[in-house]
Amino acid sequence: MGTLPKGQRAIDDLPRFGLLQFQNRFPDRTGCVAFEVRGDVANPLSVEARFLELPRTKPVSDLHCVTTWSKCGLEWSGVRFRDFYEQLVVPEVRPEADARLVVFRGQDGNRASLPLEDLLADDVLLADTLDGQPLSVAHGAPLRLVAPGHYGYKNIKHLKAIEFWRDARRCRYPAPGFLDHPRARVGHEERAVGLPNWLMRPLYRLIIPSTRWASRTFLERHLRKRDR
Ligand SMILES: Nc1nc2c(c(=O)[nH]1)N[C@H]1C(S)=C(S)[C@@H](COP(=O)(O)O)O[C@H]1N2
Ligand SMILES: [Mo]
């Protein structure tokens, strides 16, 4: 077994996880991949079938939540963000040269931003399957970002839009700003802005059990209603 990044602890399951205000919100459209590409761009585009023409890859990676849990060895598949950017975004959507801040928006209202340079790394994926199955509602149907080098909260699920902006103020994180590190690199333990990790780790650990419980309870209720 490899060693985990600093401050992380391995768990055996993959919980549905996230900020309290999104735990009772669910995607309307989960059947097939469909999202908007827009921002400071020449030609905004709705992507559906075009996604299926992009080259696919099947990486294994670890998911590191900023609250300190890590789930190792997740088998995703999908399209490398870099291939999506180079083969579809650059030639067709044509972002302005300095539009290098990328915002991801989920159908549940959650959102996050990352610098374009971080997203062009080899291991960043737009994933539509986990363990060989289409993504579940719990884990991001129909499409999610998988950026293993960045804390979980940057890995937006249920993607409905990917935006390329010049200005970082385009994305207001749905929690106090100091909890949104502009890069949130796991390897540099960029957990919060201006607060030390010795403080953030135990505070975050406290909220894991209640978040797990609430996320699961809301999901079960949603699936029962949906399947009735
Ligand atoms: N749309 C959306 N994406 C999201 C979240 C969310 O609540 N909504 N939670 C984030 C957080 S905090 C984490 S740790 C991971 C958890 O992914 P999982 O629920 O598949 O385990 O998703 C991230 N992406
Ligand atoms: Mo998280």
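Residues take their numbers from the sequence shown, with the count starting at 1. Order of appearance sets the numbers: ligands from 1, and atoms from 1 within every ligand.
Contact atoms of ligand 1 toward H139: 18 (P), 19 (O), 20 (O), 21 (O) (distance under 4.0 Å to a heavy atom of the residue). If you number the atoms of ligand 1 from 1 as listed, the ones under 4.0 Å from a heavy atom of F22 come out as 7 (O). Listed by number with element, the atoms of ligand 1 under 4.0 Å from a non-hydrogen atom of G18 are 7 (O), 9 (N), 12 (S). For ligand 1 and R16, the ligand atoms under 4.0 Å from any heavy atom of the residue are 19 (O).
The residue Q107 has no part lying near ligand 1, judged by heavy-atom distances below 4.0 Å. Proximity of P15 to ligand 1, defined as any heavy-atom pair under 4.0 Å, is confined to the backbone N, CA, C and O atoms. In L14, the part holding a heavy atom less than 4.0 Å from any atom of ligand 1 is the side chain. Only backbone heavy atoms of N155 (N, CA, C or O) come within less than 4.0 Å of ligand 1; its side chain stays farther off.
Inclusion of D108 in the set of residues having an N or O under 3.5 Å from an N or O of ligand 1 is warranted. For the pair C65 and ligand 1, the shortest N or O to N or O distance does not fall below 3.5 Å.
Atom 19 (O) of ligand 1 has its closest protein heavy atom at K157 NZ, 2.5 Å. Atom 9 (N) of ligand 1 has F17 O, 3.1 Å as its closest protein atom, hydrogens excluded (heavy atom only). For atom 7 (O) of ligand 1, the closest heavy atom belonging to the protein is N110 ND2, 3.5 Å.
The one candidate from T57, L130, D128 that meets the side-chain contact (heavy atoms from CB on, under 4.5 Å) condition with S77 is D128.
Residue R100 qualifies as open at atom CZ: its count of foreign heavy atoms under 6.0 Å is 12 or below. Atom CZ of R9 has 12 or fewer neighbouring heavy atoms from other residues, nucleotides or ligands inside a 6.0 Å radius. In this structure, D12 places its CG atom where only 12 or fewer heavy-atom neighbours from other residues, nucleotides or ligands lie under 6.0 Å away.
Checked by atom type, the side-chain pair T68/R205 shows a donor-acceptor distance below 3.5 Å.
Ligand 1 lies nowhere less than 4.0 angstrom from a heavy atom belonging to A112. For the pair R144 and ligand 1, a heavy-atom separation below 4.0 Å is found.
Remark: R212 engages D13 in a salt bridge, criterion side-chain N to carboxylate O under 4.0 Å. A salt bridge is absent between R183 and E190; no separation between the charged side-chain nitrogens and carboxylate oxygens falls under 4.0 Å.
Ring to ring, Y153 and Y173 are close: their centroids are under 6.0 angstrom apart. Under the 6.0 Å cut-off for aromatic ring centres, Y204 and Y151 do not qualify, their centroids lying 6.0 Å or more apart.
In this structure, the side chain of R111 engages the main chain of G109 through a donor-acceptor pair within 3.5 Å.
When the heavy-atom distances from atom 23 (C) of ligand 1 to A175, G152, P174, S215 are ranked, the shortest goes to G152.
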